[in-house]
Amino acid sequence: MSYNSPFTGNVIQPTDVSYSRITLTTDLQLTWPINGSDTDDAAARIMEVSTASSANELWMPPANQGSVGQDALIRNVGAVSVTVKDYSGANTIVTVAAGEAQYIYITTNATTAGTWGIIAYGIGSSGADAATLAGYGLLAIGQTLNQSQPVTTFSSNYTALATDRSNTYVWTGGAGTLTLTLASTLADNWFMFLRNSGTGALTVTGTSGDLINGSASIALQPGDSCIIVCSGTQFYTVGLGKSTQFAFTQLSKAVLSGTYTLTASEASNVIQKYTGALTGNVTIIIPSTVQVYYILNETTNAFTVTISTGAGATAVLTTGTQATLVCDSVNLFNANTILAGSSSISLINGSVGAPSLNFASETTTGIYRAASGEFNHAILGVLRSTLSATGLAIVGTGNFTGGIAGGTF
């Protein structure tokens, strides 16, 4: 029911208080602003409310002491949600989130609790709205935050920044480099999306020693894609998709002497070429993984290059030789034991110190071709026999256990 004036016939409204600023420190019971009230806890038409705890509630005055249509606009100007209840906290009318405003009004007033209508006013100008909250990787659509992955194409070398969080970068050039800002600067949980849609390899490298997948750099071949994530100290790739178009990569490494342990990035190259003027024998340690390698020894001087996993069988290459090797994660084997479909085998000329056909455990013993029309035999790098069209010449003394027939001696 409503209270009507006997003089005008209009609904009687309580004395109006236009605005009130309320800070809740406990539950607060409001009263209607009637004459003779000795409290400041009057319900105003517009109330700006804040609280430090969601346990503190705002209770509206008795509905049966007001007319239907009696209203209030409640705006939460704090950082904690405010619960608005009917008289004495019996039932929740509405919960006003931080920054929001809710308009409530009495629809029935037969009891102290009454029934209240609600109209959501949304976010006020001083509240944090979606557009204000949207940072890197987020997009405001209306009043909601949505994930954002804008696409940027690039064809020249680029350094990924903190502002590239959640961005997708698509490489469209030939060979190029993407450099990642320091992991400590980007911090834990930074990430970006990367795809190579170009025509050459895209090298992704860290800064100041930061590693990616445990290596100084990785190479994305055309068609490869991945998510790059930062731990705060180094980088990792997730879902590194390989192109169905197979592409070889080559490692060219200069060596001198001693042992060289390949990084994961170096060992990922199927073709490996070793160069340099050797001053001693060289051993190359590859990872203990199943792989096929094409090794080219283009070093100079009379020393060898040994390929090894650090255990098991090794492969020894002399200067100017090549080998196709199969690694079973421990041993290295010559990939060719027979030449299927072939009727002949061709060898390089070789030399007395590096015979073209030799033994893995003694590479200076074997056969070679010193000159046209010659078939030469070397033992430990020393010429011991030459077979030519004019006959056989043996270097050194001979010891024959049987007789010698024919010819003149």
Side-chain angles (χ1 to χ4, degrees), residues 1-134 140-145:
M1 68 177 179
S2 300
Y3 295 95
N4 298 322
S5 170
F7 304 106
T8 64
N10 295 327
V11 175
I12 298 174
Q13 301 283 354
T15 303
D16 193 21
V17 176
S18 299
Y19 169 80
S20 178
R21 177 68 170 85
I22 300 172
T23 301
L24 295 177
T25 57
T26 185
D27 296 340
L28 177 62
Q29 175 66 70
L30 298 177
T31 61
W32 295 117
I34 59 177
N35 291 332
S37 174
D38 60 354
T39 176
D40 291 331
D41 299 331
R45 300 294 296 278
I46 299 175
M47 291 180 282
E48 290 189 340
V49 185
S50 64
T51 182
S53 172
S54 58
N56 302 327
E57 300 173 345
L58 185 68
W59 299 348
M60 295 302 292
N64 61 358
Q65 292 183 9
S67 300
V68 292
Q70 185 69 31
D71 59 354
L73 177 63
I74 302 172
R75 180 183 170 207
N76 186 348
V77 295
V80 179
S81 296
V82 173
T83 300
V84 181
K85 294 189 173 182
D86 56 22
Y87 182 66
S88 297
N91 304 290
T92 298
I93 299 173
V94 69
T95 297
V96 186
E100 289 185 353
Q102 300 282 352
Y103 176 71
I104 63 174
Y105 54 93
I106 300 173
T107 57
T108 64
N109 61 352
T111 63
T112 56
T115 305
W116 297 77
I118 306 168
I119 299 175
Y121 265 43
I123 295 175
S125 59
S126 64
D129 57 46
T132 302
L133 293 174
I141 301 177
Q143 297 299 333
T144 62
L145 290 173

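Just so you know, these numbers come straight off a predicted model, no measurement behind them. One is the number of the first residue; the rest follow in order along the sequence.
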Query - Pair R45-D71, side chain to side chain contact (heavy atoms under 4.5 Å, CB included): steps then yes or no - result: CA-CA 7 Å; R45 300 294 296 278; D71 59 354; 2.8 Å; yes
Query raised in the report: In a check of side-chain hydrogen bond (donor to acceptor under 3.5 Å, both in side chains) between N56 and each of T25, T83, T51, which one passes?
Result: T51
Report task. With rounding to the nearest 0.5 Å, note down the distance linking CZ in R21 to CD in E48. Result -> 6.5 Å
Query raised in the report: Is there a side-chain contact between S81 and E100, using heavy atoms and a 4.5 Å cut-off?
Result: no
Query - Contact check, side chains of M60 and V84, non-hydrogen atoms, under 4.5 Å - result: yes
Query raised in the report: Does the side chain of L24 come within less than 4.5 Å of E57's, by heavy atoms?
Result: no
Query raised in the report: Is the side chain of T108 donor-acceptor paired with the backbone N or O of A110 at a distance under 3.5 Å, no angle test?
Result: no
Query raised in the report: Which distance, rounded to the nearest 0.5 Å, do you find between the CG of N76 and the CE of M47?
Result: 12.5 Å
Query - Point-to-point distance, once rounded to the nearest 0.5 Å, from CD1 of I104 to CD1 of I119 - result: 11.0 Å
Query - By ring pair (Phe, Tyr, Trp, His ring centres under 6.0 Å) - contacts of Y105 (at least two apart) - result: Y103
Query raised in the report: Looking only at heavy atoms, what is the nearest atom pair of A98 and G78, with distance?
Result: CB-O, 3.4 Å
Query - Over all atoms of both residues, closest heavy-atom pair of V49 and L58 - result: CG2-CD2, 4.1 Å
Query raised in the report: Which pair of heavy atoms, one from Q102 and one from A120, lies closest together, and at what distance?
Result: OE1-CA, 3.2 Å
Query raised in the report: side-chain hydrogen bond (donor to acceptor under 3.5 Å, both in side chains) with N91: which residues, sequence neighbours excluded?
Result: D86
Requested in this report: Taking the side chain as every heavy atom from C-beta outward, state whether Q65 and T31 have any pair of such atoms under 4.5 Å apart.
Outcome: no
Query raised in the report: Which pair of heavy atoms, one from A43 and one from P61, lies closest together, and at what distance?
Result: CB-CG, 3.8 Å
**Report entry** Test item: I22 and L30 side chains (from C-beta on) under 4.5 Å apart, heavy atoms
**Finding:** yes
Query - Exercise: identify the closest heavy-atom pair between S88 and Q29 - result: N-OE1, 2.9 Å
Query raised in the report: Under the side chain to side chain contact (heavy atoms under 4.5 Å, CB included) criterion, do T107 and W116 qualify, and how do the steps go?
Result: CA-CA 5 Å; T107 57; W116 297 77; 5.8 Å; no
Query raised in the report: Taking all atoms of both residues into account, what is the closest heavy-atom pair of L73 and A101, and its distance?
Result: CD1-CB, 4.4 Å
